[in-house]
Q: 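Sharing a structure with you now.
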Amino acid sequence: MNISKTYQPKEAEEKWYSYWLEHKFFKSVPDEREPYTIVMPPPNVTGVLHMGHMLNNTIQDVLIRRARMKGKNACWVPGTDHASIATEAKVVAMLKERGITKKDITRDEYMKYAWEWKEKYGGIILEQLKKLGASCDWDRTRFTMEHDLSEAVFDTFIHLHKKGLIYRGVRMVNWDPIGKTGVSDEEVIRKEVNQKLYYIRYKVVNGELSEGSELPTTHHSPLTTHYLTVATTRPETIMADAAICINPNDERYTHLHGKKVLIPLINREIPVILDEYVSMDFGTGCLKVTPAHDLNDYELGQKHNLPVIDILNDDGTLNENAKILVGEDRFAARKKIVVLLETDGYLEKVEDYKSQIGFSERTDAVIEPKLSMQWFCKMEELAKPALDYVLEGEIKLIPEKFVNTYRHWMENIRDWCISRQLWWGQQIPAWYLPDGQYVVAKTREAAYGEAKNLRSHPSADGSNLKAEDLVQDEDVLDTWFSSWLWPISVFDGFKDPNNDDINYYYPTNDLVTAPEILFLWVARMIMAGNEFRDEVPFKNVYLTGVVRDKLGRKMSKSLGNSPDPLDLMKKYGADGVRVGMLRSSPAGNDLMFDESHCEWGRNFFNKIWNASRLIKGWTVDKDLKNNNRVAIDWFESKFSEALVEIEGNFAQYRISEALMSTYKLVWDNFCSEYLEMIKPGYQLPIDADTYGVTVSFLENILKILHPFMPFISEELWHDDLFGKRAEYDCCIVAQLPTYGKINAQLLDEMEIIKQVITKIKNIRNNKQISQKEILSLSVKENPTITYKTIPYKNYELIIKKLGNISDLNIVSEKLNGAISFMVSTDEFYVPFEENLDPVAEITRLQKEKEYLVGFLRSVNSKLENERFMSSAKPAIIEVELKKKADTESKLRILEESLSSLAN
RNA sequence: GGGAGUUUAGCUCAGCUGGUUCAGAGCAUCUGCCUUACAAGCAGAGGGUCACUGGUUCGAACCCAGUAACUCCCACCA
């Protein structure tokens with residue numbers, strides 16, 4: 001035999017992937033078959049394949065390949081997401097390398113560069129997915145910013161605006177004063193930082209001291225009526241204060257109710273307001289309210305109708321509103337104002353304080369909360385039906401535990417801020433008139449038409465508005481505002497709502513994604529599905545776990561703890577990595593990734609490789625008769641049993657369990673057991689019947705392996721073993737085997753036989769008898785209530801071969817001078833006169849006896865318990881009675897053995 | 001602070017309807033084997049207070065309550 005001892009994946013992977021592509025096996029067009037559809041969560045165009053993608057897409061590929069092999073019309077739609085923020089960062093970096101800054105070029109010029117970048121780098125990840133074996137219909141590859149998908153975004157924006165669900169409003173954004181842009185929450189890195197907590201005194205107007213009287217400069221209690229003390233980490237923002245807030249229940253401050261105070265240094269008068277939001281036990285219990293520079297303060301300000309005084313410029317310096325320190329950077333201003341406050345006696349004390357501060361991921365600038373005008377989408381109305389779909393089970397979340405989280409989020413949903421201060425993305429289709437009014441329309445022309453309608457209102461100033469006067473909103477839409485349409489838009493469900501594709505493929509079947517984006521994406525897709533098609537977008541959502549390293553840390557670029565998937569695939573083969581990932585990642589459970597998993601996968605496919613090498617090496621003798629009927633019947637039953645199990649696992653999305661069932665069937669039942677049973681002796685031929693059946697077993701095994709390990713299964717499928725295959729006869733499109741009858745009795749009996757063989761091997765191990773030494777075996781049958789004696793003679797060949805036994809004798813009397821062992825209630829003897837150590841034998845039997853006695857005691861105690869007898873189900877009692885009888889019978893045999901040894 | 005979850009062998013995890021398929025798998029460890037498919041292998045072995053405390057039950061890894069530790073999501077106290 002000249003085939004390699006190990007399977008070399010690289011060549012086969014390339015060969016078969018292009019073969020599949022050439023023969024269009026991934027392609028799907030609507031037909032009369034039942035569809036099975038998955039839309040891929042579109043990876044970012046900036047993305048490179050990481051372990052999370054690997055897990056995700058492996059699961060999708062397993063599902064899609066399985067569906068294909070079940071005769072469904074399987075369609076897996078790939079694509080990429082334009083990822084405004086991430087891509088913008090990449091483009092800006094590329095421009096910087098070329099010496100260009102964004103603000104020096106026009107939006108159009110910028111977009112040209114951005115598209116250039118996208119065309120060059122944007123498809124990398126999809127190419128990488130091909131290495132994994134992803135069987136997507138690549139002809140259907142979509143991109144969230146391509147023309148039709150953008151049109152869908154504009155249309156839905158206009159639709160929702162018309163419906164009153166989209167509005168403009170002020171919102172606090174994370175402002176990066178170095179990048180001079182808003183950044184999303186995800187781009188803010190929170191770090192714990194040592195800070196100072198400054199205690200600042202505010203004079204109370206009409207306090208007991210008259211205005212203008214000197215403040216004491218010595219240390220003083222904050223509870224004086226002359227002034228109140230506020231604790232803050234940001235003293236430079238006092239000029240933006242709009243109020244001081246205290247808890248109405250705070251008895252220390254009842255005298256301040258209705259009072260006013262003066263902001264130190266600038267002496268602006270602000271009210272003392274009451275709100276239970278303020279905690280009495282933090283700081284001094286007095287909170288300075290600065291609506292322009294703190295989100296909570298903003299909300300408090302809204303509630304109490306406070307003015308918003310913004311004292312910061314976009315670059316983080318103080319503006320005119322601050323009155324003092326104008327033009328100073330916020331941090332310089334902080335130092336200076338502390339000095340000023342101290343000099344004038346407003347600073348009571350300074351304490352060290354630790355708190356979390358947000359930093360910009362990209363510039364490392366301290367994030368400044370900043371108010372700005374944004375677009376919002378109302379959520380409540382959209383959320384309700386989306387929640388019902390899940391609660392009523394029309395959409396299943398797997399695992400189910402996420403339903404609670406989902407409900408909690410949907411019931412407490414906040415409006416969605418959909419605008420972003422970026423250029424890369426769909427520009428908001430809103431157009432401003434010179435007077436500040438706006439219209440929403442897809443094109444300038446349409447907007448002009450709308451605007452003229454506005455203008456036709458008698459109070460407006462007439463018709464001299466020109467189309468060029470309209471200015472489109474500068475911002476783009478949140479990326480999720482396009483991806484929430486994904487399951488519909490990939491089938492052109494907006495452009496052409498009644499086309500064949502959407503009618504056939506939608507709603508899709510399964511969505512496989514990470515739990516982190518359950519709200520950001522999954523929930524919103526459900527809303528969009530309901531809103532725009534009055535239907536769910538998918539029936540099942542499989543939520544994967546997070547891929548972590550051995551130490552449980554999330555894999556990330558910055559930690560450098562993520563292996564390169566491409567390297568892994570080179571090392572262990574795509575098949576090895578696929579099953580390595582799947583093995584220990586049930587839905588919703590994090591995956592502690594370790595390369596040893598891939599090694600396991602590699603060993604697995606190598607085992608199959610070698611099994612086929614073995615079969616291939618056999619020569620067939622047509623004149624031989626088939627002696628292996630028992631083994632064959634047994635494996636057929638075992639195979640059917642495994643199929644049922646695997647089917648059940650898949651039905652419950654227990655994919656790693658399905659893989660393990662497959663693994664055990666292949667490695668244990670097929671390789672270790674079946675093949676060993678039928679294997680002819682060295683250089684001996686095999687009968688034609690057994691050979692044919694075995695080859696067909698192998699073929700069926702390749703089929704059930706295929707969804708997990710597509711490459712090696714396809715490679716072996718085309719092996720000479722199976723004769724010459726037709727061009728389109730491929731494993732990828734083979735139909736999964738269907739299961740036949742399961743002979744339960746045969747399966748049970750074989751379990752006993754396996755135990756007998758194991759015991760024989762144990763004896764060899766214990767007595768240091770070589771595998772090559774032939775032994776003899778006798779059995780004394782002893783049927784009991786539970787254990788019928790099995791027809792050992794039927795299994796004689798198997799026992800002889802696997803145990804290396806010369807002859808199997810059924811005896812009626814105990815055999816002396818032999819090592820004995822018991823399987824179920826039958827006793828076996830291996831004659832072994834020399835070296836038989838009766839003492840050791842007695843000890844062994846004594847130990848077994850002890851165990852049985854204890855076991856019998858526990859059984860008896862149950863049976864003697866009246867309450868057990870009266871309340872347990874009859875079937876349970878039955879079992880206990882059998883246990884009792886069998887154990888007693890076993891004990892009798894043991895006693896006999898012991899007494900014979902004692903002689 | 002609100003919500004969800006996890007805790008079973010050294011590690012990663014199964015254990016589905018409470019009861020002999022109930023304490024299991026793989027890796028790791030140990031022992032013996034280069035036995036003509038596979039040392040990426042074969043044959044075996046050891047290893048457990050099912051986090052803790054109570055409760056329900058004839059019977060609990062499983063159901064209930066409490067405690068502890070950890071994880072994730074959301075909101076974050078100036």
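Chain A is the first sequence line, chain B the second, and so forth, proteins listed ahead of strands; every chain is numbered from 1. Predicted, not measured: the structure shown is a model, and the values here were computed from it.
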Q: Contact class for A:Asp297 vs. all strands (heavy atom < 4.0 Å): base, sugar-phosphate, or nothing?
A: nothing
Q: Using a strict heavy-atom distance below 4.0 Å, which residues from residues 863-873 of chain A are in contact with RNA chain B?
A: A:Asn865, A:Arg867, A:Phe868, A:Ser871, A:Ala872
Q: Between A:Lys754 and A:Glu673 (salt bridge meaning N to carboxylate O under 4.0 Å), is one present in this structure?
A: yes
Q: Below 3.5 Å is the cut-off: list the nitrogen or oxygen pairs between protein and nucleotides 23-27 of chain B, distance only.
A:
from: B:rG26; atom 1: O2'; to: A:Arg583; atom 2: NH1; distance (Å): 3.2
from: B:rG26; atom 1: O2'; to: A:Arg583; atom 2: NH2; distance (Å): 2.9

Q: Report which part of the nucleic acid A:Glu751 touches: base, sugar-phosphate, or nothing (heavy-atom distance under 4.0 Å, all strands).
A: nothing
Q: Which one is paired to B:rU36, where only Watson-Crick or G-U wobble pairs with both distances under 3.5 angstrom count?
A: none
Q: Can you tell me the pairing partner of B:rU71 across any strand shown, Watson-Crick or G-U wobble, with both distances under 3.5 angstrom?
A: B:rA4
Q: Between A:Gln652 and A:Lys761, who's closer to the 5' end of RNA chain B by nearest nucleotide?
A: A:Gln652
Q: Taking atom P in both B:rG26 and B:rA9, compute the distance separating them and give it to the nearest angstrom.
A: 16 Å
Q: For the pair A:Glu348 and A:Arg201, find out whether any cationic side-chain nitrogen is under 4.0 Å from an anionic carboxylate oxygen.
A: yes
Q: Ion pair present between A:Lys571 and A:Glu595, side-chain N to carboxylate O less than 4.0 angstrom?
A: yes
Q: If you pin A:Arg414 and A:Tyr682 to their nearest nucleotides in RNA chain B, which one's is more 5'?
A: A:Tyr682
